[in-house]
Protein chains: 2
Amino acid sequence: MRDRLQQGGENLLFLTDDQLLQGIELLFFAYRGFTSDPDRILENYTYGRAHHRAIHFIHRRPGTSVNSMLDILGVTKQSLNRVLRQLIEDGLVESKIGEKDRRERHLFLTKSGKELESELSSAQRKRLRTAYKEAGPDAVLGFRKVLENIMDPSMRKHVKKLVKD
Amino acid sequence: MRDRLQQGGENLLFLTDDQLLQGIELLFFAYRGFTSDPDRILENYTYGRAHHRAIHFIHRRPGTSVNSMLDILGVTKQSLNRVLRQLIEDGLVESKIGEKDRRERHLFLTKSGKELESELSSAQRKRLRTAYKEAGPDAVLGFRKVLENIMDPSMRKHVKKLVKD
DNA sequence: AATTTATGTCAGTCTTGTTGACTTTCCAAG
DNA sequence: CTTGGAAAGTCAACAAGACTGACATAAATT
């Protein structure tokens, strides 16, 4: 009876503050695990997580402009510039002047950039693949749906859609 | 046919690299959204995300020792100490010398500590509650299952279990 | 021609991580 | 009982990576 009143007749037990707080902690611990593999690999280089993020998104969206990277990464241009400068100097990233608009710089991974990307990505994919496999396809669907809802709506367009077969 | 071979006869399309890379991006964007509300609130204080984390876990586990906080947060004691010192100086956290072992310090939120916790937590819970509500209970179950699998197994014990009614 | 846009750079600050050295307290082996 | 090591916590100095602000250059737009 008390429950019915609180829940408005529906089963909304998954929305209690306790459940939400547990969700907050799950996200915290999971995200730390999720970043730990690449972080460990990057210790052998002079790079950090910021470089990883840049490399990931350049890989997934070859040819994006600096400006759109700023949008995606949500950092200042000064911050991104420091990272890009190093990656370009070290020959992992190539910056090509735009053909249509010559103010723009379009970013690409070089061969060795792709190699590092692959090393970082495969560690992270391995962790996710195991997690997905153990949870099963339905759980993964729910996982994705909740994450989509958590992010700022303006960011949803940046999640690269899957290629239809 | 080609699919059957690749998938070993099962429907494992949710384990393709494309799906995994999409999951990586979802986690990235969702986590940023998830931390943005507290970050915005904390701009009005002299605190940052590290303080938020300390406050959250002290709230959830009143009386924990500094050492167990180190385990949970995964930072060095020097790093945590700086944060705790500020919070104690400002009267948000109380540190009590252990009765059994006088080397230990047990941590508690004061009244104003609880107030800040509540402000930060309610913003984050609100975002998560909306996300949960729109996704539905089954999706939330999957969300939690995948997150549990992603985190390092040694961290699972730190996710506070829900109180059974 | 003037303005706006895209990018890059220099300088300085802040948060939050790190390592190294130190003190206090506890406990156990001689 | 003493002594030596381990554990808990503190202080100091440093580094990565975010930030703001000011300014420069080139190209596109009005």
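Naming convention: chains lettered A, B, ... in sequence-line order (proteins, then strands); numbering from 1 in each chain.
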How many Å lie between [atom1] on [X] and [atom2] on [N], as a whole number?
| X | N | atom1 | atom2 | value |
| --- | --- | --- | --- | --- |
| B/Gln78 | C/dA21 | CD | C1' | 10 Å |
| A/Leu73 | D/dG17 | CG | P | 14 Å |
| B/Lys100 | C/dT25 | NZ | C1' | 15 Å |
| A/Gln86 | D/dG17 | CD | P | 7 Å |
| A/Leu80 | C/dA6 | CG | C1' | 13 Å |
| A/Asp39 | C/dT18 | CG | P | 11 Å |
| A/Leu84 | D/dA18 | CG | P | 11 Å |
| A/Tyr45 | D/dA15 | OH | C1' | 21 Å |

Residue met sooner reading DNA chain C from 5', once A/Ser95 and B/Tyr47 are mapped to nucleotides: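 That would be A/Ser95.
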Single hit among B/Arg60, B/Lys160, B/Lys157 for salt bridge (Lys or Arg N to Asp or Glu O under 4.0 Å) with A/Glu25: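 Only one of B/Arg60, B/Lys160, B/Lys157 forms a salt bridge (Lys or Arg N to Asp or Glu O under 4.0 Å) with A/Glu25, namely B/Arg60.
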Judged by each residue's nearest nucleotide on DNA chain D, which is more toward the 5′ side, A/Arg53 or B/Ile88?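 Final value for this comparison: B/Ile88.
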B/Leu20 versus B/Leu15, closest heavy-atom pair with distance: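 In this case the closest contact between B/Leu20 and B/Leu15 is CD1-O, 3.7 Å.
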When you check the gap from the basic side-chain N to the acidic O, do A/Arg129 and B/Asp17 get nearer than 4.0 Å?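 Result for this pair is yes, salt bridge flagged.
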Indicate yes or no for a side-chain donor-acceptor contact from A/Ser118 to the backbone of A/Lys114 under 3.5 Å, with no hydrogens or angles considered.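 The answer is no, because no donor-acceptor pair under 3.5 Å joins these two groups.
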For A/Met151, does its backbone N or O pair with a side-chain atom of B/Arg32 as donor and acceptor, under 3.5 Å?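 Such a contact is absent between B/Arg32 side chain and A/Met151 backbone.
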For residues 76-90 of chain A, which residue pairs pass the salt bridge (Lys or Arg N to Asp or Glu O under 4.0 Å) check, not counting sequence neighbours?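 Not a single pair qualifies under salt bridge (Lys or Arg N to Asp or Glu O under 4.0 Å).
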Would you mind building the protein contact string for nucleotides 1-9 of chain D? One character per nucleotide, 5' to 3', B for base within reach (heavy atoms under 4.0 Å), S for sugar-phosphate only, - for untouched. -----BBBB
Indicate whether OP1 or OP2 belonging to [N] is found under 4.0 Å from a side-chain N or O atom of [X].
| X | N | result |
| --- | --- | --- |
| A/Ser79 | D/dG17 | no |
| B/His51 | C/dT15 | no |
| B/Thr76 | C/dG17 | no |

Candidate nucleotides D/dC19, D/dA27, C/dT18, ranked by approach to the side chain of A/Arg82 - the nearest: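 So the nucleotide nearest the side chain must be D/dC19.
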Using distance only, find each side-chain donor-acceptor pair of residues 132-145 of chain B under 3.5 Å and give its atom names and separation, not counting sequence neighbours.
unit_1: B/Arg144; atom_1: NH1; unit_2: A/Gln19; atom_2: OE1; d: 2.2
unit_1: B/Arg144; atom_1: NH2; unit_2: A/Gln19; atom_2: OE1; d: 3.1

